[in-house]
Amino acid sequence: MLSSATALWYASRATGVVALILLSIVVVLGILVNRRALAPGRAGLTIAGLHRFLSLLAVTFVAAHVLTAVLDSYVSISPAAAVIPLASSYEPFWLGLGAVSLDLMAAVIVTSLLRRFLGRRTWRAVHWLAYISWPVAVAHSVGSSRDLQGGWLLGLAAGCCLAVATAAALRARAARAALPRSGRVPEALRRQRELTAAGRR
Amino acid sequence: MSRPMELRVDPVACSGHGLCAQLLPELIVLDEWGYPVLASRPVPGSLLGEARRAVSFCPALALRLQRVPGDLQR
Amino acid sequence: MTGPAAPPLTGRITGPDSMTPRQAAAQPRDPVTATLHPATLPVRVMPAAGGRLLLPVPAAALRDHLARFGPPPFRGAPGRLTGEIGEAGLTGRGGAAFPVHRKLAAVARAGRRPRAIAAGASRAPVVVANAAEGEPGSRKDLALLAHAPHLVLDGLQLAGEAVGATTAILYLAREPATGEWLRAQLAERAFAGLDPLQVSLASAPARFLASQESALASRLSAGPALPRYAARGIYERGVDERPTLVLNAETLAHVALIARFGPSWFRTAGTAAEPGTMLCTVLHGRTAVVTEAALGTPLRDLVNMREAQAVLAGGYHGGWIPARAAAGLRLSNASLRPAGASAGAGVLAALPEDRCGVAETARVTRYLAAESAGQCGPCLNGLPRIAGALATLAAPRAADHVLADVIRWAGLVEGRGACHHPDGTARFVRSALRAFAAEFRLHQHGRCSAPSREPFLPVPPPAAAPATEQDWI
């Protein structure tokens, strides 16, 4: 029979895994939101909507993960350790990574909720922190407990990493291939000349 | 808010994602190149909520909802 | 002690985007890419009777200027001159014809805001004399700076005082000889203690949009000369986020005269709604003549329309008017705007009978499309398509739906950019469709009635079109 203490500890690990999966999906969706070529038509709205909804769902699971970890008595983790890196006595480094990831995530979420009042540039700058928050969360997940270091959970973590890496690579390639602003008009005119020469509009 | 509000788009920021037109087809349509054409009239009160949602969803933060202006407009 | 002589007005720029006359002559005879480079156009200044800025005996040197006009009559405090400018009814001479006193009031007000005052020098107003003259056919600002620079520089100081500016800038196209000469004139003024504000010279790239206000503010904030879309105008947040007053060089010259002779004097020329005089550049195909005329002057007194088929009024953002109709019109927005044109920055041209209006329009539209900043979807998509369609027709090549497409695209680009470039281009194209309707119909059937393929309007060659980020700096 599991004591309530270990139940909370298991709950923390379970919510952590779910949070990691959700966050990975959120990052992939976030990468795809801006790529008009990768998500044409109505897909854009679906992706944007899912990105928002799942990020808030992920926040819920992260909150549950932190709360159960703090509340359980199996391992002593103070509330401060959730947000201050290296403040924990249990696995200070790996938990510290979790704290770092949480802090960055909080910044991303709060600025997104208040996007209306911040300038475009400020919001974008903070939002890019997600690219740091997520890999740090992965490192935290893999290092904090032995769950993800073997078996199907390791495969799951690898799958998340592959998904994000693929999406990021696609976006990077599209960004590299994109014309600089100064090249857009010459390109448009060149294309028009080709069409004219070919006898079409 | 009883002051009339209107939709404005920052044409430099706008990259033609088209989410706004999907969310607010009563006031926004897309031209043949995918860029939004906004209705010139103010946003009716019944659509203000939808308008705020469209503003919130624009990936480029290009859509704005602002009070109908009166002063030095160029 | 007059210092170096004013450089001769041979044209514009000796930078990398100019061509020698031989290169210009070697251009292909395709009517759309055939060019008449602005740099190859000799300029004449023709003072007329009743002129105020261009006088038969120019006072270009400081000594002559002071002997004729005396020192600039400062009012002693910001805001005092603004009311007089309002009474005079002076509107901007850069093309938009915006009431000058409203700009002065707006910038002065922005500079007096508590936050601006608290921020001190970093939020004090800036005053800019705009002599960039991005319009290829216009020469009036360059002529004014060579003919009567001290009127412009007086106006700059007086406008600066009126808004409480702490920085003054003279913004003009890269022209080494002119720049050097102006620096010498500024040094003389400084030596004579005439200028409370030290004036710095800033160079504009050779772009059509370089003289646009927000592009100017961007350029002077150490960025590219690209128009910006902002909730607040540059009168509130312009150069380096400071309230910025931008006035055309000619406008400042009028300010300098109003400050001396008063609003009533200013109103003795021109019309009640559009008082004063304005400088015009009249394009004669082989020369450009800069002259001055009172607003309301009949166009036929300025442009020889006898062997012309149409008149272009207002430059490349203005409009074509059939010659017969133009003969009854006057140099004023009240007369020209209803006809689909405008007074603009005073560029006037009469297209000879033997040229092709379709080809000329296609050439200019190709240039206007190439000069788009490429920042806004409608402009970036619409202007090249319009230019391509007109080029097809100009060949001449039979094409069925092209005109309908052009009209639709012109409607789609209007009012949907960060600046008025698409609007002006649409206006120019629409006016051509009206003025050259018969010729367009001929071209749609693959024929052209013009005996000559000689280019008429000055348009830089395609090779001079911007292609890199550097071209906008």
Side-chain angles (χ1 to χ4, degrees), chain B residues 1-44 47-48 51-74, chain C residues 92 94-99 101-110 212-215 217-218 224 226-236 238 243 245-246 372-385 405 408-423:
Chain B
M1 197 169 289
S2 55
R3 222 125 25 124
M5 306 287 274
E6 65 174 6
L7 284 169
R8 285 293 195 94
V9 66
D10 176 347
V12 177
C14 175
S15 29
H17 291 92
L19 270 68
C20 55
Q22 293 176 40
L23 283 168
L24 201 55
E26 300 90 339
L27 295 174
I28 306 178
V29 294
L30 297 181
D31 67 16
E32 63 197 70
W33 306 307
Y35 292 92
V37 183
L38 305 176
S40 50
R41 60 185 194 280
V43 180
L47 287 174
L48 266 178
R52 279 191 226 283
R53 207 155 153 258
V55 167
S56 156
F57 263 91
C58 175
L61 278 167
L63 191 65
R64 320 246 170 104
L65 192 63
Q66 56 188 52
R67 264 177 236 110
V68 179
D71 52 27
L72 198 75
Q73 272 293 315
R74 302 293 315 278
Chain C
F98 194 81
H101 72 284
R102 283 177 59 190
K103 267 196 200 181
L104 292 172
V107 175
R109 197 169 38 235
Q212 198 269 346
E213 281 192 353
S214 63
S218 170
L226 292 171
R228 299 274 180 245
Y229 181 86
R232 308 184 214 195
I234 61 162
Y235 59 90
E236 245 185 86
L245 174 69
V246 177
S372 162
Q375 298 185 114
C376 307
C379 181
L380 169 63
N381 280 276
L383 261 57
R385 282 181 173 80
D405 284 340
R408 184 180 78 251
W409 290 328
L412 272 181
V413 302
E414 267 187 315
R416 296 176 67 217
C419 70
H420 294 296
H421 189 57
D423 311 359

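Naming convention: chains lettered A, B, ... in sequence-line order (proteins, then strands); numbering from 1 in each chain.
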Asks: Heavy-atom pairs under 4.5 Å with chain B - which of C379(C), C376(C), A373(C) has more of them than the others?
Replies: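 Top option by heavy-atom pairs under 4.5 Å: C376(C).
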
Asks: For the interface with chain B, which of P378(C), P227(C), G415(C) has the highest count of heavy-atom pairs at distances below 4.5 Å?
Replies: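 Most heavy-atom pairs under 4.5 Å with chain B: P378(C).
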
Asks: First locate atom CG of L412(C), then atom OH of Y35(B), and finally report the distance between them rounded to the nearest 0.5 Å.
Replies: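 Going from the CG atom of L412(C) to the OH atom of Y35(B) covers 13.0 Å.
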
Asks: When you measure from the side chain of R64(B) to the backbone N and O of A231(C), does any donor-acceptor pair fall under 3.5 Å?
Replies: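 No, R64(B) side chain to A231(C) backbone: no donor-acceptor pair under 3.5 Å.
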
Asks: Would you say the side-chain atoms of R228(C) pair up with the backbone N or O of V12(B), donor to acceptor, closer than 3.5 Å?
Replies: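 It does not hold such a pair.
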
Asks: Examine whether an atom of R232(C) lies under 4.5 Å from a heavy atom of chain B, and if so say whether it belongs to the side chain, the backbone or both; otherwise answer neither.
Replies: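 For R232(C), no heavy atom lies under 4.5 Å from chain B.
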
Asks: Which bit of R408(C) is near chain B, if near means a heavy-atom gap under 4.5 Å: side chain, backbone, both or neither?
Replies: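 Contact with chain B: side chain only.
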
Asks: Which heavy atom in G417(C) sits nearest to a heavy atom in P11(B), and how many Å separate them?
Replies: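 In terms of heavy atoms, the two residues are closest at C-CG, 3.6 Å.
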
Asks: Suppose we screen for side chain to side chain contact (heavy atoms under 4.5 Å, CB included). Which residues come up paired with V29(B), at least two apart in sequence or across chains?
Replies: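 Only V37(B) meet the side chain to side chain contact (heavy atoms under 4.5 Å, CB included) criterion with V29(B).
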
Asks: Mind checking side chain to side chain contact (heavy atoms under 4.5 Å, CB included) for E6(B) and listing every partner two or more places apart, or none if nothing turns up?
Replies: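 Checked E6(B) against side chain to side chain contact (heavy atoms under 4.5 Å, CB included); matches are R8(B), Q66(B), V68(B), P69(B).
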
